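Let me begin by presenting the structure, written as structure tokens, before commenting on it.
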Amino acid sequence: MAENLTPPSNFVQNAIDEDLKNGKYTEGIHTRFPPEPNGYLHIGHAKSICLNFGLALANGGKCNLRFDDTNPTKEDVEYVDSIQEDVKWLGFSWEDRKFYASNYFPQLYEYAVELIRRGKAYVCDLSAEQIRAYRGTLTEPGKESPYRNRSLNENLDLFARMKQGEFPDGSHVLRAKIDMASPNITMRDPVIYRISHTSHHRTGDEWCIYPMYDFAHPLSDAIEGITHSVCTLEFEDHRPLYDWLLDSLGFDPTTRPRQIEFARLNLTNTVMSKRKLRQLVEGGYVSGWDDPRMPTISGLRRRGYTAASIRDFCERIGIAKSNSLVDVAILEHCVREDLNVNADRVMAVLHPLKVVLTNYPVGKTEHLLAENHPTRGGHHYVPFGRELYIDQADFMEDPPKKFFRLKPGGEVRLKHAYIIKCEEVVRDAAGQIQELHCTYDPESKAGGATASRKIKGTLHWVEASSALPAEVRLYDYLLTTDTDGEVADDFLSALNPKSLTVIQDALIEPAVRWTAAGTHYQFLREGYFCVDKDTTPDHLVFNQVVGLRDSWAKAQKG
RNA sequence: UGGGGUAUCGCCAAGUUGGUAAGGCACGGGAUUCUGAAUCCCGCAUUCGUUGGUUCGAGUCCAGCUACCCCAGCCA
């Protein structure tokens, strides 16, 4: 991670600096990334991962990976595996610190018992509906539960029997005894343990009571020695409870963890909620969680986004507390910048148009030297012959002004090869353009007598007999956006019907035949592409990562 | 009409104790170019949601107002 050693300042780092200055956390900074294993990670999680691991790195501290697996009804090992793969791929390491909230169930249980002993928790027999009714509303205080003042022994006994499995789901809960009249609804005697006879993906049937997030999280943080517990804005109201719990259980205020909230990521042309992403997958609108149009880490990876570009993106967008909507153009800029430096260049023709060089010897083949990269060097050979293909978009019979490509009677340079001139447009019986007859300037190849002739346009091309057929998948935004960059609430209505275009008959130079899935290329003058996992040597498949900036297309539009 | 937050250029976002608005993306112009790419210059907030106040001086302090976000799961 050498891309930026001095990350921009943000308010979380400022808070850490302040703490350190005040002599807090002398043991060092310790953060954590705490996903619930109930879905795949997306670019929003990447922001949190980069923040938490980045903060640790920047402060000589540590960052744990902790699965927040306190709700077995929603979680699965499938997700714990994918989450680990994604965090690793992003380039971060939790070293030997992979934890699970479920590892702490025994300790958490003891803390709950201790809370009861201190008169700060009670077993409540109200039903879920009753608890809701007793809770009050945003503007009206709640009512105290009739079970609020049970004796200590009764509470201890009931809680033990909850654990023992004596009661059915929903019959009892353990609640913190705080303040039913608090203007902060989170503090109105929140439920901290519920009964759920559900087997857990790690602890099996060992437990039938499970702690709630609000109880498990601060204590898990404290158990692991977390100093800064960074979470998103919606937990701001929960911070008083976070502190209350740690206070009530007697954790030292100078060393215990501190919760700090930041704004989650929103991206234009994208939805980020797990619910909506799941809907896209389950509704068959995309091919899966790793569909290259998805904002999931696995989707971005398959699309061809690099880990470095995602890290760079997370750094550029910054960390703050205001809700924001980041332009996806920044993400695209980040991959382009990475791939421009790191991707080898290759020629591929997406929409082939045949070109015959009438003055080129029949049967002759040359192998021309082509640079792999304009600045990094390296070369490979590309075959050249009498019959070629160029892109349909690179020829116009009646072009507009400043069209630097091929036109009747016009000249153009073929990249790495010769200058050619369009002599004749050959049509089929229906009047459709069938092929172009051109002549080439034999001395215009690199090193030749006329090589330095100034020709305005340079085209990419492919030699007909050696070109490999390829499947190329072009992508556009999955979702359309209104003028504010916002996706409609009814996001399925915003689905872009043209988000995927599959080109089955593209042609690519043969150098690429044995390429491996995951390899990045720049298709000259087209964009950046990544070899898809569906590829085989006999059927090459490429995903478009992002197109090149195109000032010509922009000028045509505007 | 309760509580918690946020408001600095089209989009993000720095602005430590008040001293006279960083940077990135986008955009516009030019140079360069065997990728209309990349690269390189240059331009891009007399103004910080708004109204007042304090001060020699306020994005930064005070007061009022407005807009937007979050909270009434035995989800996280």
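So that the names make sense, note that chain A is the first sequence line, chain B the second, and so on, each numbered from 1. Just so it is clear, the model here is predicted, and its values are computed rather than measured.
- For the pair A:Lys163 and A:Trp207, the distance from NZ or CZ to the six-membered ring centre is under 6.0 Å and the angle to the ring normal is within 45 degrees.
- Nucleotide B:U54 is matched to nothing when pairs are restricted to Watson-Crick or G-U wobble geometry with both distances under 3.5 angstrom.
- Residue A:Leu524 is classed as a base contact, given a heavy-atom separation below 4.0 Å to a base.
- Regarding contacts with the backbone of B:U39, every side-chain N or O of A:Thr375 stays at 4.0 angstrom or more from both OP1 and OP2.
- Nucleotide B:G2 forms a pair with B:C71, judged by Watson-Crick or G-U wobble geometry with both contacts under 3.5 Å.
- Within the nucleic acid shown, A:Tyr418 has no heavy atom closer than 4.0 Å to any nucleic acid atom.
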Original post:
Just by protein heavy atoms under 4.0 Å, how would nucleotides 66-76 of chain B read 5' to 3' in B, S and -?
Top reply: ---SBBBSBSB

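- Distances shorter than 4.0 Å separate none of the side-chain N or O atoms of A:Lys554 from OP1 or OP2 on B:G36.
- Between B:C44 and B:G23, the two P atoms lie 11 Å apart (nearest whole Å).
- With salt bridges taken as basic N to acidic carboxylate O contacts below 4.0 Å, one links A:Arg316 and A:Asp312.
- Using a 4.0 Å heavy-atom cutoff across all strands shown, A:Ser322 reaches sugar-phosphate atoms only and no base atom.
- Nucleic acid contact class of A:Asp17 (heavy atoms, under 4.0 Å, all strands): none.
- Comparing the same atom, C1', in B:A21 and in B:U8 gives a spacing of 8 Å after rounding to whole Å.
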Sequence neighbours excluded and cut-off under 3.5 Å, please list the side-chain donor-acceptor pairs for residues 453-460 of chain A, or say none.
| residue | atom | partner | partner atom | Å |
| --- | --- | --- | --- | --- |
| A:Arg453 | NH1 | A:Asp441 | OD2 | 2.7 |
| A:Arg453 | NH2 | A:Glu411 | OE1 | 2.4 |
| A:Arg453 | NH2 | A:Glu411 | OE2 | 2.7 |
| A:His460 | ND1 | A:Ala348 | O | 3.1 |

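- Checked against a 6.0 Å centroid threshold, the rings of A:Phe529 and A:Phe523 count as neighbours.
- Nucleotides B:G52 and B:U60 have their P atoms positioned 15 Å apart, rounded to a whole Å.
- The P atoms of B:C62 and B:U47 are separated by 24 Å, rounded to the nearest whole Å.
- The C1' atoms of B:A58 and B:C68 are separated by 25 Å, rounded to the nearest whole Å.
- Close to B:A37, at under 4.0 Å from its OP1 or OP2, lies a side-chain N or O of A:Ser551.
- Closest approach to the A:Arg549 side chain among B:C25, B:C34, B:A37 is made by B:A37 (side chain taken as heavy atoms from C-beta onward).
- Taking the P atom of each, B:U51 and B:A67 are spaced 16 Å apart, rounded to whole Å.
- Within 4.0 Å (heavy atoms only), A:His416 reaches at least one base atom of the nucleic acid.
- Base pairing analysis places B:A7 opposite B:U66; the two distances defining the Watson-Crick or G-U wobble pair are each below 3.5 Å.
- A salt bridge does not link A:Glu224 with A:Arg32: none of the charged nitrogens is closer than 4.0 Å to a carboxylate oxygen.
- Straight-line distance from the CZ atom of A:Phe404 to the C1' atom of B:U33: 12 Å, rounded to whole Å.
- Atom C1' of B:U16 sits at a distance of 14 Å from the matching atom of B:A22, rounded to the whole Å.
- The distance from atom NZ of A:Lys321 to atom P of B:U8 is 16 Å, rounded to the nearest whole Å.
- The phosphate of B:G15 has OP1 or OP2 within less than 4.0 Å of a side-chain N or O from A:Asn14.
- Within 4.0 Å (heavy atoms only), A:Ile319 reaches sugar-phosphate atoms of the nucleic acid but no base atom.
- We find that A:Glu282 and A:Arg275 are not joined by a salt bridge, their nearest charged nitrogen and carboxylate oxygen being 4.0 Å or further apart.
- With a cut-off of 3.5 Å on both Watson-Crick or G-U wobble distances, the partner of B:U39 is given as B:A31.
- Spacing between atom CZ of A:Arg316 and atom C1' of B:C12 amounts to 11 Å, rounded to whole angstrom units.
- For B:U35, the base has a donor-acceptor partner in the side chain of A:Gln522 [N/O atoms by modelled type, under 3.5 angstrom].
- Residues A:Ile317 and A:Lys47 come closest through the heavy atom pair CD1-CD, 4.1 Å.
- In summary, the aromatic rings of A:Tyr418 and A:Tyr440 are positioned with their centroids under 6.0 Å apart.
- In this structure, A:Lys415 reaches the bases: a heavy-atom distance under 4.0 Å links it to at least one base atom across the strands shown.
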Original post:
A:His200 and A:Ser102: side chain to side chain contact (heavy atoms under 4.5 Å, CB included), yes or no, with the steps?
Top reply: CA-CA 9 Å; A:His200 184 280; A:Ser102 55; 3.6 Å; yes

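- If you measure from atom CZ of A:Arg345 to atom P of B:U33, you get 19 Å, rounded to the nearest angstrom.
- Shown here, B:A21 forms no base pair; nothing in the strands shown gives a Watson-Crick or G-U wobble contact with both key distances under 3.5 Å.
- Which of B:G36, B:C12, B:G15 sits closest to the side chain of A:Thr458 comes down to B:G36.
- Across the P atoms, B:C11 and B:G49 are found 14 Å apart, a figure rounded to whole Å.
- At a threshold of 4.0 angstrom between heavy atoms, the contacts of A:Lys274 with the nucleic acid are absent.
- Among the heavy atoms of the strands, none lies under 4.0 Å from A:Glu261.
- Nucleotide B:C44 is matched to nothing when pairs are restricted to Watson-Crick or G-U wobble geometry with both distances under 3.5 angstrom.
- What separates CG of A:Asp482 from C1' of B:G10 is a distance of 14 Å, to the nearest Å.
- Across all strands shown, A:Arg188 has no heavy atoms under 4.0 Å from either base or sugar-phosphate atoms.
- With a glycosidic angle no more than 90° from 0, B:G73 adopts the syn conformation.
- Of all the heavy atoms in A:Arg188 and A:Arg135, the pair that sits closest is NE-O, 2.9 Å.
- Taking the nucleotide of RNA chain B with the nearest heavy atom to each of A:Ala451 and A:Ala320, the more 5' of the two is matched to A:Ala320.
- Within the 4.0 angstrom heavy-atom criterion, base atoms lie near A:Arg413.
- For the pair A:Leu548 CG and B:G36 P, the interatomic distance rounds to 9 Å; values are reported in whole Å.
- For A:Phe529 and B:U35, the CZ to C1' distance is 13 Å, given to the nearest whole Å.
- A salt bridge does not link A:Asp69 with A:Arg202: every distance from a Lys NZ or Arg NE/NH1/NH2 to an Asp or Glu carboxylate oxygen is 4.0 Å or more.
- The interatomic distance linking A:Asn372 (CG) with B:U35 (C1') rounds to 15 Å, in whole Å.
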